[in-house]
Amino acid sequence: MMKKVLVYGDSNTWGDNFITGKRIADEKQWINILRKKYNKEYAFLQEGLPGRLAGNEEVVKQYKNGRDTFISTFRTNAPVDIVMISLGTNDLQLKYNKTSEKIIDDLLWYKEKLEEAFNDEEDRKKYFNDKMPRIIYILPINFDYQVNASEIFNHECERKRQEIIKYFKNKNMNIIIANDIDLFEDGIHLSHQGHEAMAKLVEKEL
């Protein structure tokens, strides 16, 4: 039976192309690379949004607050076998001034909300088919804070990113770590080669 994978993420799940300012071609997006390869084994549900936060600190463009839309997105696609949470990079931006502890709490919230829903007898039957999905975190990927993205990130942001990775490593959760992914010239978004590399990392975890 085909497994359903919900990927809830940001612009690197969506496929942002820094060069064109648009979306990269469908077939170049890491989710679609996997979709093509495993079209009989996995159904990938691509729920990426540029600028999406793990938390809810965005005041002007509130649709970017990941916590506000997750439960409705999950229920729309449910039941699923795997939930991938690919967030946290935008939370590291200087403008939000978030601690690594707060970002970790926001990331853990997704797991907690799923467990909370699963423990509700009616929800468990309707949205889970009585089976808790496997949760995989794609942790914040590397960014070029020294040159191209220096107005958005700095060395403190990188330190916080490493603290987040260390925390999840120590908790032995299902995680995907990308520390040397190839990026477009903006130093933030996955290049075409980056999408290919991300597809391989996710493939290993699947």
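Every value quoted in this text rests on a predicted model; they were computed, and no experiment measured them. All values below were derived from every heavy atom in this structure, side-chain atoms included, with hydrogens, water molecules and symmetry-related copies excluded. FYI, the numbering just counts along the sequence from 1.
A heavy-atom distance below 4.5 Å is found between the side chains of Leu206 and Ile82. Between Phe143 and Ile152 there is no side-chain heavy-atom pair separated by less than 4.5 Å. Side chains of Leu34 and Asn32 form no contact here, defined as non-hydrogen atoms less than 4.5 Å apart. Between Ile177 and Ile141 there is no side-chain heavy-atom pair separated by less than 4.5 Å. In this structure, the side chains of Ile176 and Ile136 come closer than 4.5 Å at one or more pairs of heavy atoms. Annotation: side chain of Glu203 is in contact with side chain of Tyr38 (closest heavy-atom distance under 4.5 Å). Annotation: side chain of Phe18 is not in contact with side chain of Ile188 (no heavy-atom distance under 4.5 Å). When side chains are defined from C-beta on, Tyr42 does not count as touching Arg35, because their heavy atoms never get closer than 4.5 Å.
Not a single donor-acceptor pair under 3.5 Å links the side chain of Ser100 to the backbone N or O of Glu163. Checked by atom type and distance alone, the side chain of Ser11 never pairs as donor or acceptor with a backbone atom of Trp14 at under 3.5 Å. The main-chain N or O of Arg67 is never found under 3.5 Å from a side-chain atom of Asn65 such that the two would form a donor-acceptor pair. A donor-acceptor pair under 3.5 Å is absent between the side-chain atoms of Tyr145 and the main chain of Glu158, judged by distance alone. At distances below 3.5 Å, not a single donor-acceptor pair connects side-chain atoms of Gln46 with backbone N or O atoms of Gly48. Looking at Arg52, its side chain does come within 3.5 Å of a backbone N or O of Gly9 through a donor-acceptor pair. Side-chain N or O atoms of Glu205 include none that pairs as donor or acceptor with a backbone N or O of Val202 at under 3.5 Å. Under the 3.5 Å distance criterion, the side-chain polar atoms of Asp186 are matched with a main-chain donor or acceptor of His189. Looking only at distances, a side-chain donor or acceptor of Asn154 sits under 3.5 Å from a matching main-chain atom of Cys157. Panel note: side chain Trp30, backbone Leu190; no donor-acceptor pair is recorded below 3.5 Å.
The residue from Ile138, Asp10, Leu53 that alone fulfils the side chain to side chain contact (heavy atoms under 4.5 Å, CB included) condition with Leu87 is Asp10. Residue Asp81 forms a side chain to side chain contact (heavy atoms under 4.5 Å, CB included) with just one option from Arg134, Lys3, Met2, and that option is Lys3.
Pairs passing the side-chain hydrogen bond (donor to acceptor under 3.5 Å, both in side chains) check and including a residue from residues 69-80, sequence neighbours excluded, read Tyr8-Thr69, Glu47-Asn77, Arg75-Asp123.
Remark: Glu27 CD to Lys36 NZ distance equals 8.0 Å, nearest 0.5 Å. Once rounded to the nearest 0.5 Å, the distance linking NZ of Lys126 with CG of Asp120 reads 11.0 Å. Atoms NZ and CG, on Lys4 and Leu6 in that order, are 9.0 Å from each other to the nearest 0.5 Å. Here Leu139 contributes atom CG and Phe168 contributes atom CZ; the two are 6.0 Å apart, rounded to the nearest 0.5 Å. If you take OH on Tyr167 and CG on Leu107, they are separated by 10.0 Å, rounding to the nearest 0.5 Å. Taken to the nearest 0.5 Å, the OH atom of Tyr110 stands 9.5 Å off from the CD1 atom of Ile71.
When all heavy atoms of Pro133 and Val80 are compared, the closest pair comes out as CB-O, 3.5 Å. The heavy-atom pair separating Asp182 from Gln193 by the smallest distance is OD2-OE1, 3.6 Å. Taking both residues in full, the closest heavy atoms of Ile135 and Lys111 are given as CD1-CG, 3.7 Å, listed atom of the first, atom of the second, then distance. Across every non-hydrogen atom of Asp91 and Gly55, the tightest pair is OD2-N, 3.1 Å. Here the closest non-hydrogen pair linking Ala199 and Ile33 is CB-CG2, 3.9 Å. Taking both residues in full, the closest heavy atoms of Met198 and Ala178 are given as CE-CB, 4.2 Å, listed atom of the first, atom of the second, then distance.
One hydrophobic cluster, built from ILVMFWY side chains closer than 4.5 Å, holds both Leu92 and Ile165. Linking Ile, Leu, Val, Met, Phe, Trp and Tyr residues whenever their side-chain heavy atoms come within less than 4.5 Å leaves Met84 and Phe70 in two separate clusters. Hydrophobic cluster membership differs between Tyr96 and Ile104, with clusters built from Ile, Leu, Val, Met, Phe, Trp and Tyr side chains linked at under 4.5 angstrom. Taken together through direct or relayed side-chain contacts under 4.5 Å among Ile, Leu, Val, Met, Phe, Trp and Tyr, Ile85 and Phe44 form parts of separate hydrophobic clusters. When hydrophobic clusters are built by joining Ile, Leu, Val, Met, Phe, Trp and Tyr residues whose side-chain heavy atoms come closer than 4.5 Å, directly or via intermediates, Ile175 is not grouped with Leu201.
Relative to the ring axis of Phe118, Arg124 places its NZ or CZ within 45° and under 6.0 Å from the centre.
In the model, Asn179 has a side-chain atom that pairs as donor or acceptor with a side-chain atom of Arg161 under 3.5 Å. A donor and an acceptor atom, one from each side chain of Glu116 and Asn119, are nowhere located under 3.5 Å apart. Donor-acceptor pairing under 3.5 Å is recorded for the side chains of Asn90 and Gln93. For the residue pair Glu58 and Tyr63, no side-chain donor N or O sits within less than 3.5 Å of a side-chain acceptor on the partner.
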>> Phe74 vs Tyr127, test: ring-ring contact (aromatic ring centres under 6.0 Å, His included). Steps then yes/no.
In response: CA-CA 9 Å; Phe74 170 76; Tyr127 297 110; 7.0 Å; no
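Counted within 6.0 Å of CD on Glu112, heavy atoms from surrounding residues, nucleotides or ligands total more than 12; the atom is thus considered enclosed. A 6.0 Å sphere centred on CD of Glu151 holds no more than 12 heavy atoms belonging to other residues, nucleotides or ligands.
Between Glu196 and Lys28 no salt bridge is recorded (no basic side-chain N to carboxylate O distance below 4.0 Å). The pair Lys98-Glu57 meets the salt-bridge criterion, with a side-chain N (NZ, NE, NH1 or NH2) lying under 4.0 Å from an Asp/Glu carboxylate O. Salt-bridge annotation for Arg159 and Glu156: present, with a side-chain N of the basic residue lying under 4.0 Å from a carboxylate O of the acidic one.
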